[in-house]
Number of protein chains: 2
Amino acid sequence: MNSFTEENYLKAIYKLSLNGTQGVSTNAIADELSTKPSSVTDMIKKLAEKKLVSYQKYQGVNLTKKGRDIAISIIRNHRLWEVFLVEKLNFKWDEVHDLAEELEHINTHKLTERLDEFLDFPKFDPHGDPIPDKNGNIIQHKDITLSDLKIGEKAVVVGVKEHSKSYLNYLEQLQLVLGAEVQIQDIVEFDATMRILVNNKQVIISNQASKNLIVKRN
Amino acid sequence: MNSFTEENYLKAIYKLSLNGTQGVSTNAIADELSTKPSSVTDMIKKLAEKKLVSYQKYQGVNLTKKGRDIAISIIRNHRLWEVFLVEKLNFKWDEVHDLAEELEHINTHKLTERLDEFLDFPKFDPHGDPIPDKNGNIIQHKDITLSDLKIGEKAVVVGVKEHSKSYLNYLEQLQLVLGAEVQIQDIVEFDATMRILVNNKQVIISNQASKNLIVKRN
DNA sequence: AAATAAATTTAGATAAGTCTAAAAAAATAA
DNA sequence: TTATTTTTTTAGACTTATCTAAATTTATTT
């Protein structure tokens with residue numbers, strides 16, 4: 001068995017390894033987990049001994065197959081619980097992250113599979129992130145964001161790249177939730193601020209906001 | 001915030017204080033939690049500092065109001081999750097204890113209340129144990145057991161006093177589940193073994209088993 | 001009431017995970 | 001290429017929860 005802490009490190013390393021192609025740096029992990037680089041080094045050594053990561057001093061870490069499997073199963077759990085919290089317990093999409101962060105560590109195969117079935121095998125969580133299937137296969141978003149669109153183009157909101165409470169809450173106020181249809185009306189050349197149509201209502205949205213909103217052209 | 005460990009101590013002390021009337025002894029807690037008396041002493045000191053228990057050296061401990069409130073809210077959580085696991089995820093009554101033991105510590109007021117509502121405010125868990133309401137009020141069973149009945153008497157199974165997997169599994173095989181109707185046909189004078197009728201089927205049951213089955217006469 | 005047994009506490013050690021400060025290695029700049 | 005900066009690691013300390021072994025207190029016998 002692995003501790004909650006070990007699992008959180010694996011998850012962080014997994015997440016960070018999606019961006020870069022090389023090994024994940026100590027500082028990046030420390031940042032992601034709000035801890036100190038020295039603590040990270042210690043934990044990496046422990047994970048390396050357990051063959052959950054491969055690691056050479058000063059060269060960053062990579063997950064092994066075993067480590068990646070664990071990370072993915074925790075992500076699966078996390079996202080299934082988020083679906084449960086939103087769909088069954090009526091939480092809002094900006095409220096579920098922290099709770100799911102705790103629930104995800106109750107990592108019992110049988111519980112996960114029963115939950116998956118109870119929720120009718122959802123493919124995406126309430127933020128549009130794909131839920132790995134029970135074999136660990138996971139669809140990766142192509143990540144077209146609102147900011148990639150040109151004037152006149154139409155699209156549907158399918159996810160977010162930023163999960164902070166404040167961002168999610170802001171989007172909800174603008175009715176920019178999953179499934180919302182948008183059309184670009186105007187783009188300010190200077191700072192890429194957009195004027196868009198959401199449910200026939202005009203909305204002004206900054207580049208900071210638009211580049212974190214994942215959409216699908218239609 | 002309190003750690004999982006602290007919460008487990010509070011729960012253990014609460015449980016043990018239901019039996020005896022005096023303070024709960026160090027050894028009893030050690031036994032309940034499968035730990036050593038010296039560890040218990042250490043933890044008790046910590047809980048006493050936090051004003052969760054009252055404690056005088058060598059005199060046993062008692063929960064304070066604050067400590068009891070926490071214990072009861074954890075028990076509430078535990079039992080609500082058990083209902084969820086059995087009713088929504090189709091687990092059997094002998095499978096849910098350990099999972100609920102983990103879920104109970106995700107002790108967020110909002111989650112508990114939403115779960116309670118989702119489950120339609122159940123009054124009893126899958127083993128017949130009463131679920132404390134949101135104010136911490138808890139109905140105490142009168143604890144009439146099958147072994148208290150006389151020949152000819154009829155009753156309904158409403159709970160168990162022993163929660164081991166093997167006992168629960170055994171009961172299920174005999175169809176002695178919650179709501180089952182039983183009638184006493186015969187009692188062996190020597191060792192109180194009973195011959196009873198469960199759903200019109202004859203069953204022989206030892207005193208060890210019958211004295212842990214809570215029933216209600218009808 | 002003294003002797004023995006049982007229960008409880010103390011003292012000191014250990015393991016997990018974290019931290020600060022200092023040292024070492026790697027990356028970048030001059 | 002040497003100097004400087006940044007990143008990473010090491011060394012040593014701290015906290016939480018646990019343990020064993022020894023000491024102390026309380027309970028039970030005789």
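We name chains A, B, ... by the order of the sequence lines, and we start the count at 1 in each one. Only heavy atoms go into these numbers, but all of them, side chains included; no hydrogens, no water, no symmetry mates.
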Quick one: [X] [atom1] to [N] [atom2], roughly how many Å, whole number?
X: B:Ile44; N: C:dT9; atom1: CD1; atom2: C1'; value: 10 Å
X: A:Glu6; N: C:dT18; atom1: CD; atom2: P; value: 10 Å
X: B:Glu7; N: D:dT16; atom1: CD; atom2: P; value: 16 Å
X: B:Gln22; N: D:dT26; atom1: CD; atom2: P; value: 16 Å
X: B:Met43; N: D:dT15; atom1: CE; atom2: P; value: 16 Å
X: B:Asn27; N: D:dT25; atom1: CG; atom2: C1'; value: 13 Å
X: B:Tyr55; N: C:dT9; atom1: OH; atom2: C1'; value: 7 Å
X: A:Lys50; N: C:dA16; atom1: NZ; atom2: C1'; value: 11 Å

Every protein N/O lying under 3.5 Å from an N/O of nucleotides 25-27 of chain C:
from: C:dA25; atom 1: O4'; to: A:Tyr58; atom 2: OH; distance (Å): 3.4

Examine distances only and state if a side-chain atom of [X] and a backbone atom of [Y] form a donor-acceptor pair shorter than 3.5 Å.
X: B:Trp93; Y: B:Val86; value: no
X: A:Thr145; Y: A:Ile214; value: no
X: A:Arg76; Y: A:Ile131; value: no
X: B:Glu102; Y: B:Leu99; value: no
X: B:Thr108; Y: B:Leu111; value: no
X: B:Ser34; Y: B:Ala30; value: no
X: B:Glu172; Y: B:Asn169; value: no
X: A:Asn135; Y: A:Asn137; value: no

For this session: Assert yes or no for the condition that the ring centre distance of A:Phe84 to B:Phe84 is strictly below 6.0 Å.
Result: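 Centroid separation for A:Phe84 and B:Phe84: below 6.0 Å.
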
Give each protein N/O atom lying under 3.5 Å from an N/O atom of nucleotides 2-4 of chain D, with the pair distance.
none

Exercise. Contact class for B:Phe4 vs. all strands (heavy atom < 4.0 Å): base, sugar-phosphate, or nothing?
Worked result: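 Here B:Phe4 touches no strand at all.
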
For this session: Remember a base hit wins even if backbone is also touched, and classify B:Thr26 as base, sugar-phosphate or nothing at under 4.0 Å, heavy atoms.
Result: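 Contact class for B:Thr26: sugar-phosphate only.
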
Problem set entry | Option passing side-chain hydrogen bond (donor to acceptor under 3.5 Å, both in side chains) with B:His127 (candidates B:Glu82, B:Glu162, B:His97) |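 Exactly one candidate clears the test, B:Glu82.
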
Under 3.5 Å, which N/O atoms of the protein pair with N/O atoms of nucleotides 19-22 of chain C?
from: C:dC19; atom 1: OP2; to: A:Thr35; atom 2: OG1; distance (Å): 2.6
from: C:dC19; atom 1: OP2; to: A:Lys36; atom 2: N; distance (Å): 3.2
from: C:dC19; atom 1: OP2; to: A:Ser39; atom 2: OG; distance (Å): 2.7
from: C:dT20; atom 1: O4; to: A:Ser38; atom 2: OG; distance (Å): 3.1

Exercise. Can you tell which of A:Glu6, A:Glu104, A:Glu32 makes a salt bridge (Lys or Arg N to Asp or Glu O under 4.0 Å) with A:Lys11?
Worked result: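 Of all the options given, the one that passes is A:Glu104.
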
